[in-house]
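The next block holds one structure in the form of structure tokens; read it before the comments.
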Amino acid sequence: MKMMRNLLMGVCFIAVAAHAGTPLVDLKPIKVEFGMIEEVGPLWGLATGPGVIDLGTWGGRQHMPWPDAQKIVAKIKPDQKLPEGQPYSSFMPDVVAIQGDFRTGVCLLAMSNGMYHWYEYAIPTGAKRFTAKLYLTDDVGGRIGHVVAGVSLVNQDVIIRISADGQQLYERHYNRMNVGMGSGELIDTVALDLPADAKTIRFYFQSTTFPNNLHNELLIADGVFE
């Protein structure tokens with residue numbers, strides 16, 4: 001009887017572990033790229049191509065502010081807080097905020113009209129599904145955040161795509177108007193079936209050429225491969 005009880009407990013443990021899945025924040029991307037889409041060149045007179053960030057009259061050529069072009073916030077420190085008097089900035093490499101609350105997850109950045117940023121991951125062996133929540137974060141102004149916070153509001157217009165081995169699984173074009181600093185919000189919840197035998201998954205984020213679309217940061221929160 002004792003042996004049978006131990007066996008059942010082991011089966012239950014295995015089932016719970018399988019259900020828990022693999023969190024996205026526990027993985028490292030195998031490829032990362034950022035740059036400017038070609039369409040923004042003739043339209044806005046900006047430089048284009050991989051590795052380029054051109055803010056034009058808002059700030060000229062810029063560098064990706066995150067080490068290795070990645071921002072993965074796996075944990076929130078018990079004493080986590082922002083510097084006194086300083087609002088959340090997406091340039092902070094180890095913290096992300098939604099309406100003033102700290103969150104964990106994987107971040108992608110689009111600092112200018114026509115900027116793109118993507119991560120590609122190896123899909124964990126046996127995973128059949130990916131679930132997550134997608135947020136735009138509190139920083140809508142980027143390098144001119146002080147202007148946005150003190151004087152005016154801006155627009156946000158972005159494209160989000162998720163694909164597996166080049167097969168598109170999800171696309172969302174999202175727009176919100178007249179937003180200010182601190183206005184991060186949930187924009188979608190995804191539950192995607194992964195194609196059989198798919199090896200990689202790509203998370204793509206892009207800012208469009210929408211007017212006054214100055215800065216966008218995407219948070220993939222609670223991402224799990226099941």
Side-chain angles (χ1 to χ4, degrees), residues 21-41 48-54 62-74 90 93 96 98 103-137 139 156-175 184 186-210 213 215-226:
T22 303
L24 183 63
V25 293
D26 288 351
L27 304 175
K28 296 294 184 183
I30 56 175
K31 294 181 182 178
V32 179
E33 184 177 296
F34 65 90
M36 304 286 289
I37 61 173
E38 294 299 327
E39 294 86 344
V40 81
T48 63
V52 174
I53 302 175
D54 190 352
Q62 298 287 342
H63 298 287
M64 173 60 80
W66 302 339
D68 300 320
Q70 301 173 40
K71 180 176 174 178
I72 301 172
V73 182
S90 59
V96 60
I98 307 295
R103 297 294 304 266
T104 59
V106 172
C107 298
L108 293 96
L109 188 63
M111 295 168 57
S112 168
N113 283 284
M115 181 180 168
Y116 71 87
H117 187 197
W118 56 257
Y119 298 167
E120 190 168 278
Y121 288 82
I123 297 174
T125 302
K128 294 179 170 49
R129 197 165 181 257
F130 177 77
T131 61
K133 295 177 181 177
L134 307 178
Y135 293 85
L136 287 179
T137 74
D139 186 2
Q156 291 189 294
D157 196 83
V158 299
I159 294 171
I160 305 164
R161 298 189 185 108
I162 302 175
S163 59
D165 286 1
Q167 177 183 336
Q168 187 165 294
L169 306 179
Y170 172 89
E171 181 174 34
R172 179 75 188 273
H173 182 184
Y174 188 81
N175 171 277
L186 176 69
I187 60 175
D188 211 350
T189 299
V190 298
L192 307 175
D193 292 327
L194 301 173
D197 302 322
K199 303 298 183 184
T200 63
I201 188 168
R202 179 177 293 187
F203 302 98
Y204 175 93
F205 184 53
Q206 178 200 313
S207 178
T208 73
T209 55
F210 197 82
N213 186 20
H215 187 88
N216 303 280
E217 183 184 29
L218 177 72
L219 171 67
I220 305 174
D222 305 324
V224 177
F225 291 96
E226 302 173 342

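Treat the numbers as computed from the prediction; the structure is a model and nothing was measured.
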Quiz item: Are the side chain of D222 and the backbone of A132 linked by a donor-acceptor contact shorter than 3.5 Å?
Solution: no
Practice problem: Provide the closest heavy-atom pair for Y119 versus Q70 in the form atom of the first, atom of the second, distance. | Solution: OH-CA, 3.2 Å
Exercise. Please examine the side chains of I201 and L194, heavy atoms only from C-beta on, and report whether any two atoms are closer than 4.5 Å.
Key: yes
Quiz item: Judged by atom type as modelled, is there a donor-acceptor pair below 3.5 Å linking the side chain of W66 to the main-chain atoms of S90?
Solution: yes
Exercise. Heavy atoms only: give me the nearest A122-I30 pair and the separation to one decimal.
Key: N-CD1, 3.9 Å
Exercise. Check D165 against A198 and note the closest heavy-atom contact, atom names and distance.
Key: OD2-CA, 3.3 Å
Quiz prompt | Any donor-acceptor pair under 3.5 Å from T209 side chain to V40 backbone | solution = no
Exercise. Could you tell me which non-hydrogen atom of M111 sits nearest to which non-hydrogen atom of P65, and how far apart they are?
Key: SD-CD, 3.8 Å
Quiz item: Quick one: CD1 on I53 to CE on M64, what's the gap to the nearest 0.5 Å?
Solution: 4.5 Å
Quiz item: Is the closest side-chain heavy-atom distance between L27 and F225 below 4.5 Å?
Solution: yes
Practice problem: Output yes when a side-chain donor or acceptor of S207 lies under 3.5 Å from a complementary backbone atom of S112, and no otherwise. | Solution: yes
Practice problem: Could you give me the CA-CA distance, side-chain angles and deciding distance for I220 and L108, then say whether side-chain contact (heavy atoms from CB on, under 4.5 Å) is met? | Solution: CA-CA 8 Å; I220 305 174; L108 293 96; 3.7 Å; yes
Practice problem: Show your reasoning for whether side-chain contact (heavy atoms from CB on, under 4.5 Å) applies to I98 and T137. | Solution: CA-CA 5 Å; I98 307 295; T137 74; 4.0 Å; yes
Quiz item: Taking atom types as modelled and ignoring hydrogens, do the side chains of D188 and Y170 form a donor-acceptor contact shorter than 3.5 angstrom?
Solution: yes
Practice problem: Starting at OG1 of T104, measure out to CG of L24 and round the result to the nearest 0.5 Å. | Solution: 10.5 Å
Quiz prompt | L169 side chain reached by F130 side chain, heavy atoms, under 4.5 Å | solution = no
Quiz item: Just by modelled atom types, is the I187 backbone N or O under 3.5 Å from a matching donor or acceptor in the R172 side chain?
Solution: yes
Quiz item: Is there a side-chain contact (heavy atoms from CB on, under 4.5 Å) between V73 and R103 once you walk through the steps?
Solution: CA-CA 8 Å; V73 182; R103 297 294 304 266; over 6 Å; no
Self-check item: Spacing of CD belonging to Q206 relative to CG belonging to N113, to within rounding of 0.5 Å
Solution: 10.5 Å
Self-check item: Residue pair A164 / I123: nearest heavy atoms and the distance that separates them
Solution: CB-CD1, 4.5 Å
Exercise. Please list, chain by chain and in numerical order, all residues satisfying side-chain hydrogen bond (donor to acceptor under 3.5 Å, both in side chains) with Y121, sequence neighbours excluded.
Key: none
Practice problem: Output the distance between atom OG1 (T131) and atom CG (L192), rounded to the nearest 0.5 Å. | Solution: 8.5 Å
Exercise. Return yes if some donor-acceptor pair links the side-chain N/O of Q156 with the main-chain N/O of H215 below 3.5 Å, else return no.
Key: yes
Quiz item: What do the steps show when you test D193 against R129 for side-chain contact (heavy atoms from CB on, under 4.5 Å), and what is the final call?
Solution: CA-CA 5 Å; D193 292 327; R129 197 165 181 257; 3.9 Å; yes
Quiz item: Is a side-chain N or O of N213 found less than 3.5 angstrom from the main chain of D157, in a donor-acceptor match?
Solution: yes
Exercise. Measure across Y116 and M36 and return the closest heavy-atom pair with its distance rounded to 0.1 Å.
Key: CE2-N, 3.5 Å
Quiz item: Has the side chain of K31 got a donor or acceptor atom that lies under 3.5 Å from a matching backbone atom of R202?
Solution: no
Quiz item: Taking the side chain from H117 and the backbone from L109, do they hold a donor-acceptor pair closer than 3.5 Å?
Solution: yes
Practice problem: Find the distance between NE2 (H173) and CZ (F210) and round it off to the nearest 0.5 Å. | Solution: 8.0 Å
Quiz item: Does some side-chain heavy atom of L134 sit less than 4.5 Å from a side-chain heavy atom of V190?
Solution: yes
Quiz prompt | Separation of E39 CD from T208 OG1 (nearest 0.5 Å) | solution = 11.0 Å
